[in-house]
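Report on the structure given below.
Order of appearance sets the numbers: ligands from 1, and atoms from 1 within every ligand.
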Amino acid sequence: MTKNKLKNPTIIVIFGGTGDLAKRKLFPAFQNLYLDGRMSEKFQIIALGRAEKTDEDFRSYVLENLENFSRKKGKSDPETEKFLSHITYHSLDIDKEESYLSLNEKIKGFDEAFGERANRLFYLSITPSFISTISSNIKKIGLAANPKQDRIIIEKPFGYDKTSAIELNEMLSQTFKEEQIYRIDHYLGKETVQNILAFRFGNSMFEPLWSRNFIDFVQITVAEEVGVEERGGFYEGVGALKDMIQNHLLQILCMTAMEAPASLSADDIRNRKADVLKSIRRIKPEEVDHYIVRGQYDAGTIKGKAVPGYRQDKGIAPDSNTETYVAMKIYLDNWRWQGIPFYLRTGKRMEEKQSSIIIQFKPVPHSSFSYGKEGMTPNRLIINIQPAMDIKLQFMTKKPGLSLSLRPAEMIFDYFSCSTMSPEAYETLIADALLGDPTLFMRWDQVEEAWDAIDTIQQVWKTTAPVNFPNYKAGSWGPEEADELLARQGHKWIPNTQTKEELLDDTDI
Ligand SMILES: NC(=O)C1=CN([C@@H]2O[C@H](COP(=O)(O)OP(=O)(O)OC[C@H]3O[C@@H](n4cnc5c(N)ncnc54)[C@H](OP(=O)(O)O)[C@@H]3O)[C@@H](O)[C@H]2O)C=CC1
Ligand SMILES: O=C1O[C@H](COP(=O)(O)O)[C@@H](O)[C@H](O)[C@H]1O
């Protein structure tokens, strides 16, 4: 959210510096920030992993990955070489206290070279089970002794349920104050997610319509074409509810449903988002099947390519009951949204990659018009988050011709048409963390409320195995039960795959 350039000397310590996230997202983000002139003159990245490696070998590994994953690519040009010279590798075993002593020596060495104590940013890109050990070792050795200078970024998932998240937070708070803790949800760094705030509160004409008075229902989709790829071992113990709903989808729900913040300060925005999470209607164990559908993909075809089922993927048990799909109906018990369903769905191996929010408005109370073969289509506002980055307003117009008959049409704002190449989500978030702006990070109460909203579901699923897994084909839009979830309300999932030509169907003019 902030545009400033980092001025203070800074040391970034990446736990999990050799991992998948670091190679695909973190190093490319730092490289792009560097090339954009957003890093300070004096900075050092210390990447940690268990094996012994030389700086040279590690830098070649980073360069190779920049070539594959960075938006500005990583050619071996002088600027990228300069960036690489700011990276050091350090061998550290998280469980061994002596490793932290040598890390401390290394950090002090850079402080000396900088001529002052640098700010420290600890990036925990490791499995959550290591967080407590790292945090207590950081405290023991005094690595983060200055609350004004030192921060920590924690990757998701923050805990596995509400109880473990509370324990984790208590443990962390023995070393770091809340204002030093940056809990990342990379969806909040996406341009189009931030644009929801701009769209809603930077305009006057949509907000009066933004309530139960005019909206029929809201549909939030985060669909992926990919399966679990190389992360089967991690995903098996997690599943779509914890991997996607607890964080990304509930954060998008917050942006869509929140009240206007008093200001753009981090706490004003986060207070209004926390209100949404608090207002999510908690469901009873016996209601879980009524409100939530889980699914797991079977073998199928995506864009003409055959793909295996989840149970055949690498690292997955052949009788796994981990869900790769979740659809749920959420009610918000507050004045603005009482009685309006929010349908959330997410899944891997879906027909196409698509993250979107669809606001369906109530139908007109009465109409004397005739309609084309699609019939009357309610007004819709479609906010496409990715890969399309646009906002569409769908409404009815007169069909060209002699009769007064209507057909749907749309107006489109394309985010790309007015922006230069957007920064990646991780660039925005890391820049904010370096500068100390926590607006786009999750405050503790948000995390706790989000777990509270889904804990009952997890508990019920732990004790009742799904009877019909796998229950959707790779390349589809999920299990049939997800259609029934909406049909009970007289609603349907809106496909959001129509082209403009299909929408403007002229066949019966
Ligand atoms: N990958 C992704 O797309 C995403 C990941 N995340 C989150 O990011 C975090 C990291 O994920 P990811 O990068 O995929 O995980 P990986 O399994 O790829 O990497 C794990 C990292 O942890 C290090 N590690 C493991 N054990 C130790 C130890 N005892 N001492 C020191 N280092 C150790 C490994 O280093 P080494 O083996 O070299 O010692 C490696 O760098 C997780 O919390 C994940 O949920 C969040 C969103 C997306
Ligand atoms: O956090 C995660 O997000 C990715 C999807 O992120 P996107 O930016 O590519 O939409 C998901 O694949 C992964 O399982 C999850 O951990």
Side-chain angles (χ1 to χ4, degrees), residues 13-29 46-53 57-58 61-62 65 69 89-100 103 123-131 133-134 137 153-160 168 183-193 221-252 310 313 315 322-326 346-350 352-356 384-389 422 424-429 442:
V13 180
I14 307 181
F15 288 84
T18 52
D20 177 74
L21 184 71
K23 82 172 178 197
R24 287 191 307 109
K25 299 289 181 187
L26 306 187
F27 287 113
I46 305 177
L48 306 176
R50 281 165 296 183
E52 294 290 342
K53 292 179 208 281
D57 284 349
F58 190 73
Y61 158 85
V62 172
N65 288 307
F69 301 113
Y89 177 81
H90 184 77
S91 163
L92 172 142
D93 188 328
I94 289 168
D95 295 316
K96 294 195 179 131
E97 203 183 310
E98 60 271 21
S99 300
Y100 295 80
L103 173 64
Y123 199 123
L124 270 51
S125 177
I126 35 83
T127 172
S129 57
F130 282 134
I131 299 175
T133 312
I134 296 173
N137 278 316
I153 299 184
I154 311 277
E155 265 298 335
K156 60 161 269 280
F158 192 87
Y160 295 106
L168 185 58
R183 299 177 196 84
I184 209 162
D185 179 321
H186 77 273
Y187 266 63
L188 295 178
K190 291 184 190 276
E191 285 279 314
T192 41
V193 172
T221 300
V222 177
E224 298 185 87
E225 275 172 34
V226 291
V228 287
E229 312 299 292
E230 298 301 311
R231 299 174 68 220
F234 158 80
Y235 196 84
E236 261 293 75
V238 178
L241 186 69
K242 284 185 264 193
D243 190 40
M244 299 295 286
I245 299 273
Q246 191 269 349
N247 33 79
H248 306 324
L249 278 94
L250 289 187
Q251 287 298 317
I252 298 175
Y310 178 69
D313 275 334
T322 300
E323 79 286 353
T324 59
Y325 174 97
V326 174
T346 183
K348 292 201 181 280
R349 292 279 190 231
M350 309 285 283
E352 67 172 36
K353 181 175 168 81
Q354 185 193 114
S355 299
S356 61
N384 282 314
I385 294 170
Q386 65 179 28
M389 295 169 79
S422 302
E424 282 264 346
Y426 274 95
E427 287 171 48
T428 305
L429 294 172
M442 290 187 290

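- Considering Ile154, Ile14, Ile94 in turn, Ile94 is the only one that fulfils the side chain to side chain contact (heavy atoms under 4.5 Å, CB included) rule with Ile126.
- Nearest to atom 45 (O) of ligand 1 by heavy-atom distance, out of Glu155, Glu229, Lys156, Glu230, is Lys156.
- Annotation: side chain of Tyr235 is in contact with side chain of Lys348 (closest heavy-atom distance under 4.5 Å).
- Of all the heavy atoms in Ser91 and Glu52, the pair that sits closest is OG-OE2, 3.6 Å.
- Nearest protein heavy-atom neighbour of atom 35 (O) of ligand 1: Thr18 OG1, 2.9 Å.
- For atom 42 (C) of ligand 1, the nearest non-hydrogen atom of the protein is Ile126 O, 3.5 Å.
- The shortest separation from a heavy atom of Ser99 to ligand 1 is not under 4.0 Å, leaving the residue out of contact.
- Using a 4.0 Å cut-off between heavy atoms, Arg50 contacts ligand 1 through both its backbone and its side chain.
- Annotation: atom 10 (O) of ligand 2 to nearest protein heavy atom, Tyr187 OH, 2.4 Å.
- Nearest protein neighbour of atom 13 (O) of ligand 1, counting heavy atoms only, is Leu21 N, 2.8 Å.
- Nearest heavy atom pair, residue Pro387 against residue Lys353, reads CD-O, 3.2 Å.
- Atom 15 (O) of ligand 1 has as its closest protein heavy atom Asp20 N, 4.4 Å.
- Taking only nitrogen or oxygen atoms, main chain and side chain alike, Lys348 reaches within less than 3.5 Å of ligand 2.
- Neither the backbone nor the side chain of Lys25 has a heavy atom within less than 4.0 Å of ligand 1.
- Less than 4.0 angstrom separates some heavy atom of Leu92 from each of these atoms of ligand 1: 30 (N), 31 (C).
- Between Leu48 and ligand 1, no pair of N/O atoms sits closer than 3.5 Å.
- Scanning the protein for heavy atoms near atom 20 (C) of ligand 1, the closest one is Gly19 CA, 4.4 Å.
- Distance from atom 16 (O) of ligand 2 to its nearest protein heavy atom, with residue and atom name: Asp243 OD1, 2.6 Å.
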For a side-chain contact (heavy atoms from CB on, under 4.5 Å) check, start with the C-alpha distance between His186 and Lys25, then their side-chain angles and the critical distance, and finish with the verdict. CA-CA 10 Å; His186 77 273; Lys25 299 289 181 187; over 6 Å; no

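- Proximity of Phe27 to Asn65: side-chain heavy atoms (C-beta onward) are nowhere separated by under 4.5 Å.
- Of the protein's non-hydrogen atoms, the one nearest atom 10 (C) of ligand 1 is Ser125 O, 3.3 Å.
- Counting protein heavy atoms only, atom 4 (C) of ligand 2 is closest to Glu224 OE1, 4.0 Å.
- In this structure, Glu229 and Asp20 have side chains that are not in contact, with every pair of non-hydrogen atoms separated by 4.5 Å or more.
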Given side-chain contact (heavy atoms from CB on, under 4.5 Å), test Leu241 with Gln246 step by step and report yes or no. CA-CA 6 Å; Leu241 186 69; Gln246 191 269 349; over 6 Å; no

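- Checked by atom type and distance alone, the side chain of Tyr160 never pairs as donor or acceptor with a backbone atom of Gly237 at under 3.5 Å.
- By heavy-atom distance, the residue among Arg231, His186, Lys23 lying nearest atom 4 (C) of ligand 1 is Arg231.
- Under 4.0 Å is where a charged nitrogen must lie from a carboxylate oxygen, and between Asp243 and Lys156 at least one such pair does.
- Between the side chains of Thr322 and Glu236, at least one donor N or O lies within less than 3.5 Å of an accepting N or O.
- A heavy-atom distance below 4.5 Å is found between the side chains of Met244 and Val222.
- With respect to atom 29 (N) of ligand 1, the closest heavy atom belonging to the protein is Asp93 OD1, 3.3 Å.
- Atom 6 (O) of ligand 2 has its closest protein heavy atom at His186 NE2, 3.2 Å.
- Comparing Ile131, Val238, Ile94, Asp185 by heavy-atom distance to atom 32 (N) of ligand 1, the nearest is Ile94.
- Close contacts between ligand 1 and Pro157 involve ligand atoms 45 (O) [criterion: under 4.0 Å to a heavy atom].
- With respect to atom 21 (C) of ligand 1, the closest heavy atom belonging to the protein is Gly16 CA, 3.7 Å.
- Side-chain rings of Tyr325 and Tyr310 stay apart, their centers remaining 6.0 Å or farther from each other.
- Close approach of ligand 2 to Lys156 is summarised as follows: ligand atoms under 4.0 Å from at least one heavy atom of the residue are 1 (O), 2 (C), 15 (C), 16 (O).
- Phe234 counts as a contact of ligand 1, since one of its heavy atoms falls under 4.0 Å from the ligand.
- Between Lys25, Gln386, Lys190, Lys353, it is Lys190 that holds the heavy atom closest to atom 8 (O) of ligand 2.
- Only the side chain of Phe130 comes within 4.0 Å of ligand 1, judged by heavy-atom distances.
- Residue contacts with ligand 1: Arg24 is included, with a non-hydrogen atom under 4.0 Å away.
- The shortest non-hydrogen separation linking Tyr187 to Ile252 is CD2-CD1, 3.8 Å.
- Taking distance alone, with nitrogen or oxygen atoms compared against 3.5 Å, Gly49 stays at or beyond that limit from ligand 1.
- Within 6.0 Å of the CD atom in Glu230, the count of heavy atoms belonging to other residues, nucleotides or ligands does not exceed 12.
- In summary, of the residues considered (Ile134, Leu103, Asn137), a side chain to side chain contact (heavy atoms under 4.5 Å, CB included) with Leu92 occurs for Leu103 alone.
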